[in-house]
Amino acid sequence: MGIYLNPDNEKFFQAVNSEIYVDKTGLIGYTNKVLRTMKKYVCVSRPRRFGKSMAADMLTAYYSRGCDSAELFAGLQICGEDSFEKHLNRYDVLFFNMQEFLSRSRSMDELIERLKRLVIRELRREYPDVDYFDADDLIQSMQDVYQDTRRPFVIIIDEWDCIFREYRERKEAQAQYLDFLRDFLKDKSYIYLVYMTGILPIKKYGTHSALNMFTEYSMLDAGPLAAYVGFTEEEVEKLCQRYHMDMGEMKSWYDGYLFEEVGSVYSPRSVVSSLESGKFNSYWNQTETFEALRMYIDMNFDGLKDDVLRMMVGESVPVNTGSFANDMVTFHSEDDVLTLLVHLGYLGYDFERKCVFIPNNEIKGEYVNAVSVSQWGDVSKALKNSADTLEAIWNRRTSQVVEGIEQAHFETSHIQYNDENALSYTISLALYAARNFYTVYRELPTGKGFADMVYVPKKKFPDKPALVVELKWDKSAEGAIGQIKKKQYCKSLEEYQGNLLLVGINYDRETREHTCIIEEFRKESKVCGNRPMGCAWDQESGL
């Protein structure tokens, strides 16, 4: 048992014995399947907080000859597979956390030399009787060990891409690192499996990759490993039942990453933190500040600012991920920035529709924080004042509501501000703070049509009024209120009748002004003939 060669299973032991542990050992079934095949090179990239290191520790505990993990895996999913005992603790495992080597090195030469020396030292301790041809050559030493013992190697590399995150501008060091990995790993018959994990996909140089033998699974396409990227819907539902947490709130806060193979995927670290604290909150910034996001959304690419605004109010935007260079400095277009944000976890990606979106409330909060200190001028003001605009709606102060809408309009008027759909972007920005209290629905089917925007109070805010918002373009706010009544948009909100506000908003192109009318829904108890009156405006509309 060594530090790098055949480590023990202590790290995975701690994970399994934690209060909250979600069984992801099914991943081992996949690595067993590709072991000693042409698909034996596996690179998995996913954001921070998504269990990369836990997966690496799990594979180490399973394959390493330096421990006996039969009892540790007892009762876990992998035990039911035929390959479980065949490969359990049967291999010489080399485990590296590259961040550790990077933090102790002043150059790429020093990093590579340190890694080689440490591994060779452990090889010679484990196999002192091997006739080593060159005691300073790592690759030759591994070959010598295999030749004498016929024991193959499994290589597990955690944080493999930290060099590209720390040495962002040092192209020569990056190339040197990739060349080392290629020489170390490629076409070695004594290596049965390589599993690398990091945040970024493998760096491209020109039209090819120095590590083109790898099959990559990323936030763009997780393929057969989708179920092991984060927590699935079923896993989170079981946790919510166990901890008596509201599944709807959990979904709105931490869901939104999407893979066609498994559907919804949740941020694991955030779910666990929420369950442990008993609170729905943002836990993202415990490991990364919003300034990392601000740096990218402040980039001056045409359309980037507009598309970020669209996504902040719930829209998806198309993206071309093909030009991304898989680093954090090479950006040729808005698409490259958006693709990086997918890999960092700040955006979700829909593979079928080829579009990106902000996945959940936790990440939306990071965008609000980033924009509030960005160079975006009036957008920051609109976001900061959105709470006041919402308060004005609650208190039916229409002039203040119009002021808030006008402020938001300054920053959205250039997004083809020529129809009700564009107006909805402005309203969503002006009422952004409403997402703290409401679940927001666009084009909600109700009554005899589709309400433009409906704000349904979250369960923990029963005192807040439900809002039905109807938008008009070059017509009138009165007409918007009339449409709500005529088409009975409140029909599906019966439980809120008595605490329900109708909001009609119109934009006049000629005067370039917004108008707003707010009415309170009032149920009537009187009867007209044999027909009960449902609400105060029945007489007005003749319904």
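Side chains are part of it too, since the values below use all heavy atoms of this structure and drop only hydrogens, waters and symmetry mates.
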E234 atom CD, over 12 foreign heavy atoms within 6.0 Å: no

Side chain T330, main chain N326, donor-acceptor under 3.5 Å: no

Donor-acceptor under 3.5 Å (S18 side chain, Y21 main chain): no

All side-chain contact (heavy atoms from CB on, under 4.5 Å) counterparts of K475, not counting sequence neighbours: K472, N506

Side-chain donor or acceptor of E233 paired with backbone N/O of V265 under 3.5 Å: no

Ring geometry between H409 and H514 (parallel below 30°, tilted from 30 to 60°, perpendicular above 60°): perpendicular

Side chain to side chain, I202 and C43, heavy atoms closer than 4.5 Å: yes

Approximate separation, where rounding is to 0.5 Å, of S424 OG and W473 CH2: 10.5 Å

Short side-chain to backbone donor-acceptor contact, N499 and A466, under 3.5 Å: no

L340 side chain near L200 side chain, heavy-atom distance below 4.5 Å: yes

Within 6.0 Å of NZ in K33, more than 12 heavy atoms from elsewhere: no

Residue pair M453 / L471, side-chain heavy-atom distance below 4.5 Å: yes

Residues forming a ring pair (Phe, Tyr, Trp, His ring centres under 6.0 Å) with F50, sequence neighbours excluded: Y257

Pair F164-V329, side chain to side chain contact (heavy atoms under 4.5 Å, CB included): steps then yes or no: CA-CA 9 Å; F164 301 96; V329 294; over 6 Å; no

Between OG on residue S273 and CD1 on residue I20, distance to nearest 0.5 Å: 8.5 Å

Electrostatic pair D161:R165 at N-O distance under 4.0 angstrom: yes

Residue list, side-chain contact (heavy atoms from CB on, under 4.5 Å) with T511, at least two apart or on another chain: D508, E513

Gap between atom CG of D307 and atom CE of M312 - 0.5 Å precision: 13.0 Å

Residues which pass ring pair (Phe, Tyr, Trp, His ring centres under 6.0 Å) with F461, listed by chain and number, not counting sequence neighbours: F437

Donor-acceptor contact present, side-chain S316 to main-chain F357, <3.5 Å: no

Any donor-acceptor N or O pair under 3.5 Å, side chains N385, Q407: yes

Y266-E235 side chain donor-acceptor pair, cut-off 3.5 Å: no

D246: which of K460, K251, K459 passes salt bridge (charged side-chain N to carboxylate O under 4.0 Å, His left out): K459

Nearest non-hydrogen partners of G348 and V342, listed with the distance: O-CG2, 4.3 Å

Spatial distance of atom CD (E159) from atom CD (Q99) [nearest 0.5 Å]: 6.0 Å

Distance-only donor-acceptor check, side chains T197 and D158, under 3.5 Å: no

H332 and F301 aromatic centres sub-6.0 Å: no

Over 12 foreign heavy atoms within 6.0 Å of CG, D302: no

Beyond-backbone contact of K24 with F231, side-chain heavy atoms, under 4.5 angstrom: yes

Steps toward side chain to side chain contact (heavy atoms under 4.5 Å, CB included) verdict (W253, S270): CA-CA 9 Å; W253 270 96; S270 298; over 6 Å; no

Carboxylate-amine/guanidinium proximity below 4.0 Å for R442 and E315: yes

Backbone N/O of D255 and side chain of N360: donor-acceptor pair under 3.5 Å: yes

N/O donor-acceptor pair under 3.5 Å between K354 side chain and F351 backbone: yes

Heavy atoms from other residues, nucleotides or ligands near CZ of R168 exceed 12 (cutoff 6.0 Å): yes

Polar contact flag, side-chain donor to acceptor under 3.5 angstrom, T339-D336: no

Ring-ring centroid check F12 F73, cutoff 6.0 Å: yes

Nearest-0.5 Å distance that lies between atom CG in L258 and atom OH in Y349: 11.0 Å

Modelled atom types, side-chain donor and acceptor of R46 and S218, under 3.5 Å: no

Stepwise salt bridge (Lys or Arg N to Asp or Glu O under 4.0 Å) check, E406 with R512: CA-CA 10 Å; E406 292 286 352; R512 296 184 179 182; over 6 Å; no

Note, S274 side chain near M250 side chain (heavy atom, < 4.5 Å): yes

Between S277 and Y283: side-chain donor-acceptor atoms closer than 3.5 Å: yes

Ring center gap for W284 and Y346 short of 6.0 angstrom: yes

Modelled atom types, side-chain donor and acceptor of T25 and Q77, under 3.5 Å: no

Exam field: side chain N395 to backbone R397, donor-acceptor pair closer than 3.5 Å: no

Sub-4.5 Å side-chain heavy-atom contact between M219 and L347: no

For E19, side-chain contact (heavy atoms from CB on, under 4.5 Å) partners two or more places apart: R242, Y243

Full working for side chain to side chain contact (heavy atoms under 4.5 Å, CB included) between L467 and L390: CA-CA 10 Å; L467 309 176; L390 177 62; 4.3 Å; yes

Between Y217 and Y30, a side-chain donor and acceptor under 3.5 Å: yes

Stepwise salt bridge (Lys or Arg N to Asp or Glu O under 4.0 Å) check, R396 with E520: CA-CA 9 Å; R396 300 170 66 177; E520 184 179 356; 3.5 Å; yes

Atom pair OG/CG of S428 and L309 - distance to nearest 0.5 Å: 11.0 Å

Chi angles and distances behind the side chain to side chain contact (heavy atoms under 4.5 Å, CB included) call for L341, V356: CA-CA 9 Å; L341 293 179; V356 292; over 6 Å; no

R435 charged N/C atom sitting above Y432 aromatic ring, 6.0 Å / 45°: yes

Any S45 side-chain heavy atom under 4.5 Å of M196 side chain: no

side-chain contact (heavy atoms from CB on, under 4.5 Å) partners for D335, two or more places apart: V319, N320, S333

V42 side chain reached by T215 side chain, heavy atoms, under 4.5 Å: no

Within 6.0 Å of NZ in K458, more than 12 heavy atoms from elsewhere: yes

